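I have placed the structure first, in the form of structure tokens, so that the comments after it can refer back to it.
Note that these values count all heavy atoms, side chains included, but never hydrogens, waters or copies made by symmetry. Values in this document were obtained by computation on a predicted structure and should not be read as measured data.
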Amino acid sequence: MTLFAALKPPYFSIMTSGMFAFVLAATGCQSSAESTINASAQSTNTPVTTDMSQQTLKQQALRIQRALANNDYARITKDIHPTRGVRFSMYAYVRPESDKVFSREQYAQYLQQSKIRFTWGERDGSGEPLIIPLPEYLDTWVKAKTFNDATLSVNEFQKGGNSINNLNKIYQNSDVVEFYYKGSDEYSGLDWRVLRLVFDDYQGKRYLVAVITDQWTV
């Protein structure tokens, strides 16, 4: 019998069972630093403006996307913001109260403890919760391989669906690199997908603070 343990930010506990997989049905895995930040004004850095800065940011985003596409998830650990951690949002609408936020240490831990499952949110259409471990979420939901040949933009949204995009409200003054896959002819483009990597500045370097995915929704 699988045991679900409810999490409440900024702290959570894991109930254990010697015989079975751990399950975390969480409303948020937040670092203590993240929990003290007002969700509507989380960053104070200025977005990139120069061509050189944009190129550097694209290169960092591409490196992260390639690592995820190659299932080399641990490689991006040092790209995660040292104090704020990284948020994962299933759809364009960021939910500060329920999205998963992992510190660097938590991210590394749950890559290794692949039996621990998290409730990431509800699937569009069915409303069924998505409850899977972190590595499986990265593999089957983020699906970074999809974006190997995507078009990139910086601080510009190329595609959106029915899900409200509130990224600029939640991450004011942050920098966003968007990967856009236009979809296939087979499905008339309805299988389009978007990956948004959000960055903030910290002590002169840019760090990843959010991984947001978007797709066609009903």
Considering only heavy atoms from C-beta outward, does the side chain of [X] approach that of [Y] to under 4.5 Å?
{"X": "F147", "Y": "Y180", "answer": "no"}
{"X": "K143", "Y": "R193", "answer": "yes"}
{"X": "D175", "Y": "N155", "answer": "yes"}
{"X": "F199", "Y": "S174", "answer": "no"}
{"X": "D139", "Y": "Y73", "answer": "yes"}

Test: R206 and D200 ion pair at under 4.0 Å: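 So R206 does not pair with D200 through a salt bridge.
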
Using a strict threshold of under 4.0 Å (side-chain N to carboxylate O), is an ion pair present between R63 and D79?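 The answer is yes: the pair qualifies as a salt bridge.
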
Which heavy atom of [X] sits nearest to which heavy atom of [Y], and what is that distance?
{"X": "P135", "Y": "S114", "answer": "CG-CB, 4.4 Å"}
{"X": "R104", "Y": "P82", "answer": "NH2-CG, 3.7 Å"}
{"X": "S153", "Y": "Q158", "answer": "OG-NE2, 3.2 Å"}
{"X": "I131", "Y": "R117", "answer": "O-NH1, 3.7 Å"}
{"X": "V177", "Y": "A61", "answer": "CG1-CB, 3.6 Å"}
{"X": "H81", "Y": "D201", "answer": "NE2-O, 4.3 Å"}

Would you find a donor on one side and an acceptor on the other, under 3.5 Å apart, between the side chain of [X] and the backbone of [Y]?
{"X": "W120", "Y": "I132", "result": "yes"}
{"X": "D191", "Y": "S184", "result": "yes"}
{"X": "N70", "Y": "D72", "result": "no"}
{"X": "Q54", "Y": "V154", "result": "no"}
{"X": "T213", "Y": "S89", "result": "yes"}

Are more than 12 heavy atoms, taken from residues, nucleotides or ligands other than [X], located less than 6.0 Å from that residue's [atom1] atom?
{"X": "Y93", "atom1": "OH", "result": "no"}
{"X": "K182", "atom1": "NZ", "result": "no"}
{"X": "I164", "atom1": "CD1", "result": "no"}

Which residue is it: V211, I170, V209, V86? I am looking for the one with a side-chain contact (heavy atoms from CB on, under 4.5 Å) to V198.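 For V198, the side-chain contact (heavy atoms from CB on, under 4.5 Å) test succeeds with only one of V211, I170, V209, V86, which is V209.
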
With rounding to the nearest 0.5 angstrom, report the [atom1] to [atom2] distance, [X] to [Y].
{"X": "T77", "Y": "E105", "atom1": "OG1", "atom2": "CD", "answer": "9.5 Å"}
{"X": "L111", "Y": "Q106", "atom1": "CG", "atom2": "CD", "answer": "12.0 Å"}
{"X": "E122", "Y": "R95", "atom1": "CD", "atom2": "CZ", "answer": "8.0 Å"}
{"X": "E178", "Y": "I212", "atom1": "CD", "atom2": "CD1", "answer": "10.0 Å"}
{"X": "I64", "Y": "L208", "atom1": "CD1", "atom2": "CG", "answer": "4.5 Å"}
{"X": "L195", "Y": "F179", "atom1": "CG", "atom2": "CZ", "answer": "6.0 Å"}

Report the relative orientation of the aromatic rings in Y202 and Y207; use parallel for angles under 30°, tilted for 30 to 60°, perpendicular for over 60°.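 Y202 and Y207: perpendicular rings.
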
Test side chain to side chain donor-acceptor pair (under 3.5 Å) on Q65 and N148; report intermediate values, then the result. CA-CA 8 Å; Q65 182 269 327; N148 283 342; 2.9 Å; yes

Does the pair D124 and S163 meet the rule for a side chain to side chain contact (heavy atoms under 4.5 Å, CB included), with working shown? CA-CA 9 Å; D124 175 71; S163 181; over 6 Å; no

Is there a side chain to side chain contact (heavy atoms under 4.5 Å, CB included) between L130 and T119? Walk through the geometry before answering. CA-CA 6 Å; L130 179 66; T119 301; over 6 Å; no

For a ring-ring contact (aromatic ring centres under 6.0 Å, His included) with W141, tell me which candidate from Y91, F118, F88 qualifies.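 Single pass found, and it is Y91.
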
The test is side chain to side chain contact (heavy atoms under 4.5 Å, CB included); show your working for R196 and V194 and say whether it passes. CA-CA 6 Å; R196 297 182 181 118; V194 164; 3.6 Å; yes

